[in-house]
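What follows is one structure encoded as structure tokens, with my remarks underneath.
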Amino acid sequence: MRITTGMSARQYMNNLNSSASLLNKLETTSYDFRTFEKPSDDPFLAGQAFQVHRQLALNEDYSSNISNIKGAVSSAESTLLTVSGILRTANDQSVLKGIDGGMEQTDRNSIARQLEAMQDSIVSAMNAQYGNRYLFSGAGGYGDTPFSVDGQGNLLYRGINVDTGENTNGASVKLDYEYTDVNSVTTTKSLQVNFGKANGNSLNDYAISLSTGGSNSINVDNSAKTITVTLANGATKGDLQSLLQLKLGSGVTISGIDEPGVKDDLVTETGTATGTISDFVNMDDLAGETSYVDVGLGLKTENGKVVDQSAYNAAMPGINFIGYGTAKVDGVDVPQNVYSLLTTMAGMLRNKNLNGTQLMDSIKPYMDSFSNTQDQFSAQLAKLGTKETFLDSTNSFVTNVNLNLNQKDENVEYMDPADAILNYSMQKFCYKAALQIGSNILQPTLLDFMK
């Protein structure tokens with residue numbers, strides 16, 4: 001086949017343009033050192049880079065979560081050390097150990113005043129906040145202070161009598177429901193419906209059922225003592241609260257509904273939640289509340305529930321520290337929380353009808369319970385310290401992973417500057433050489449002679 005001058009010129013220009021394009025690309029690489037400018041340049045490396053970027057973004061979330069939790073735990077530990085000092089003063093030092101049967105009433109009254117002052121200090125400390133969240137309010141933390149004292153001097157935790165479990169806010173019920181997060185992962189969570197003081201205990205023993213899949217509706221059958229609620233798919237806790245308020249009054253609330261910055265949990269179409277309404281709350285459930293946070297442990301679920309070892313439980317129910325409930329001692333219900341014990345012991349000291357021997361016999365079970373509760377407090381405080389150490393080690397692990405990921409990102413997305421500059425210089429040399437060769441092999445045209 002005859003190769004014409006035009007064919008040679010066209011082929012030369014095509015090659016020269018390709019060389020110029022490569023020169024421009026290498027020139028860009030020589031100052032930003034990136035191995036590719038767009039995914040199509042190198043789909044394999046681009047895919048690797050996207051995976052690294054995703055993991056880095058996740059690790060940033062983990063680091064942020066750990067930082068927030070560490071701040072709360074550190075603040076909680078500092079507060080609890082203050083309470084621990086109060087308990088030691090009461091039990092291990094001069095106050096309770098100074099009680100004996102031969103004390104004058106004025107001395108007994110003085111000790112009673114000291115115990116009552118300690119009560120106020122304990123309640124104040126256990127209502128400590130970190131930011132706008134109450135540290136010891138369990139899985140929630142927003143809204144009212146977790147600890148309060150009613151008109152009869154009973155300690156309340158979120159409106160619930162710490163000794164008896166009676167809910168002074170009215171009847172309530174806990175319902176398990178399905179929650180689907182932004183990653184389409186479905187887990188089983190719990191919500192507590194509080195029916196408010198206006199309803200009181202009038203809804204005791206009512207059976208409530210919650211299902212989804214239809215339109216929003218509620219039916220209350222007073223004769224059968226049933227409340228049937230249906231929600232549309234994708235409805236939220238806020239929708240449920242509004243529906244209940246419409247039928248049962250504005251006092252009906254759902255725990256955690258007002259958490260700022262947290263989107264209402266979606267209640268999905270899987271299953272039906274049922275429960276029996278009562279104005280008594282299971283204190284063990286309150287003490288065992290969980291609020292899981294993903295800190296990079298490989299969050300996973302089994303049977304719709306978060307696996308404990310795969311996430312960090314950030315809930316710190318205050319009753320786990322100061323105690324709750326009562327225990328039978330010689331047929332008498334003895335409180336198992338420090339506040340109620342101090343109340344009872346202060347009352348006994350003020351009781352002029354209790355003589356020396358009677359006072360010591362009466363107060364001993366409460367002093368023994370106080371010692372046990374103090375030991376429980378110390379154990380929970382030590383457990384919190386262990387969790388803080390765990391957060392430190394987890395944070396170190398996430399930091400090291402970040403360093404490795406940044407190094408991997410550097411290796412995938414960027415090249416050695418010396419290589420980038422050398423490649424550009426070589427291509428520049430090749431391009432100039434191509435221009436020189438073109439001027440030698442391409443024949444002059446008539447237009448060149450006419451210039």
Side-chain angles (χ1 to χ4, degrees), residues 72-100 103 107-130 134-138 145-149 153-158 160-163 283-284 286-287 315-327 329 332-350 359-360 362-388:
V73 170
S74 178
S75 181
E77 190 172 32
S78 177
T79 300
L80 292 171
L81 286 172
T82 299
V83 177
S84 180
I86 296 172
L87 300 183
R88 283 198 306 272
T89 299
N91 194 43
D92 301 338
Q93 298 178 16
S94 60
V95 183
L96 293 180
K97 289 191 179 298
I99 299 174
D100 64 64
M103 296 178 66
D107 295 329
R108 289 166 56 170
N109 291 341
S110 176
I111 292 179
R113 285 193 295 271
Q114 291 182 62
L115 297 181
E116 289 163 350
M118 291 175 182
Q119 287 180 292
D120 294 338
S121 299
I122 290 171
V123 171
S124 178
M126 295 305 293
N127 283 331
Q129 288 182 277
Y130 178 73
Y134 290 101
L135 288 170
F136 304 110
S137 194
T145 56
F147 289 98
S148 59
V149 181
N154 298 309
L155 181 66
L156 307 179
Y157 175 68
R158 286 159 42 180
I160 299 163
N161 189 305
V162 171
D163 295 330
M283 297 299 291
D284 288 334
L286 283 180
M316 293 184 285
I319 54 176
N320 272 339
F321 297 96
I322 66 171
Y324 61 92
T326 60
V329 179
V332 178
D333 289 326
V334 178
Q336 300 295 291
N337 76 87
V338 294
Y339 185 94
S340 298
L341 288 166
L342 291 173
T343 297
T344 304
M345 288 188 289
M348 288 180 174
L349 288 168
R350 292 185 185 278
L359 172 64
M360 298 309 296
S362 299
I363 206 171
K364 186 179 186 306
Y366 297 90
M367 295 177 66
D368 291 342
S369 180
F370 191 89
S371 294
N372 294 335
T373 306
Q374 183 188 8
D375 291 341
Q376 177 66 19
F377 182 95
S378 299
Q380 290 293 327
L381 181 55
K383 183 178 179 181
L384 187 64
T386 302
K387 295 177 75 171
E388 186 173 20

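Side chains are part of it too, since the values below use all heavy atoms of this structure and drop only hydrogens, waters and symmetry mates. Each residue takes its place number in the sequence, starting with 1.
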Legend entry - Spacing of CG belonging to Leu359 relative to CE belonging to Met103, to within rounding of 0.5 Å: 8.5 Å

Inset, instruction - Would you indicate whether the side-chain heavy atoms of Phe136 and Pro317 approach each other to under 4.5 Å? - result: no

Inset, instruction - Say whether Ser340 and Asn337, considering side chains only, have a donor N or O and an acceptor N or O under 3.5 Å apart. - result: yes

Legend entry - Nearest-0.5 Å distance that lies between atom OG1 in Thr145 and atom CE in Met126: 12.0 Å

Inset, instruction - Please round to the nearest 0.5 Å and tell me the distance separating atom CD1 of Ile86 and atom CD of Gln119. - result: 11.0 Å

Inset, instruction - Grab the two heavy atoms, one from Ser369 and one from Leu341, that are nearest each other, plus how far apart they are. - result: OG-CD1, 3.6 Å

Legend entry - Gly85 backbone acceptor or donor facing Thr89 side chain under 3.5 Å: yes

Inset, instruction - Flag the pair Pro365 / Val332 as yes when at least one side-chain heavy-atom distance between them is below 4.5 Å, and no otherwise. - result: no

Legend entry - Flag side-chain contact, heavy atom, 4.5 Å: Arg350 against Arg108: no

Inset, instruction - For Glu77 and Gly385, work out which heavy atoms get closest and say how close. - result: OE2-CA, 3.7 Å

Inset, instruction - Could you tell me the separation between the CG atom of Leu155 and the OG atom of Ser148, rounded to the nearest 0.5 Å? - result: 7.5 Å

Legend entry - Contact summary for Val162 and Gly323, nearest pair of heavy atoms: CG1-O, 3.5 Å

Legend entry - Nearest-0.5 Å distance, OG1 of residue Thr82 to CD1 of residue Ile122: 11.5 Å

Legend entry - Residue pair Phe147 / Leu156, side-chain heavy-atom distance below 4.5 Å: no

Legend entry - Step-by-step side-chain contact (heavy atoms from CB on, under 4.5 Å) determination, Leu381 to Leu81: CA-CA 8 Å; Leu381 181 55; Leu81 286 172; 3.7 Å; yes

Legend entry - Ring centers of Tyr324, Tyr157 separated by less than 6.0 Å: no

Legend entry - Heavy-atom closest contact (Ala72 atom, Leu135 atom, distance): O-CD2, 3.5 Å

Inset, instruction - Report yes if the side chains of Asn127 and Pro146 come closer than 4.5 Å at any heavy-atom pair, otherwise no. - result: yes

Inset, instruction - Compute whether any side-chain donor of one residue and acceptor of the other, for Asp163 and Thr326, lie under 3.5 angstrom apart. - result: no

Inset, instruction - Spell out, as yes or no, whether a donor-acceptor pair under 3.5 Å connects the side chain of Thr343 to the backbone of Tyr339. - result: yes

Legend entry - Val73 vs Lys387 side-chain heavy atoms within contact, under 4.5 Å: no

Inset, instruction - Mind checking the OG-CE spacing from Ser75 to Met316? Nearest 0.5 Å is all I need. - result: 8.0 Å

Inset, instruction - Start with the C-alpha distance between Asn109 and Leu349, add both sets of side-chain angles, then the distance that settles side-chain contact (heavy atoms from CB on, under 4.5 Å), and finish with yes or no. - result: CA-CA 6 Å; Asn109 291 341; Leu349 288 168; 6.0 Å; no

Legend entry - Taking every non-hydrogen atom, the tightest pair across Ala128 and Thr79: CB-OG1, 3.8 Å

Legend entry - Which atom of Ile319 lies closest to which atom of Ala287, heavy atoms considered: CD1-N, 3.8 Å

Inset, instruction - For Asn320 and Gln380, test the side chains for any donor-to-acceptor distance below 3.5 angstrom and give the result as yes or no. - result: no

Inset, instruction - Compare all side-chain heavy atoms of Phe321 with those of Val338 and state whether any distance is below 4.5 angstrom. - result: no

Inset, instruction - Find out whether Leu342 and Glu116 are in side-chain contact, i.e. whether some heavy atom of one side chain is under 4.5 Å from a heavy atom of the other. - result: no

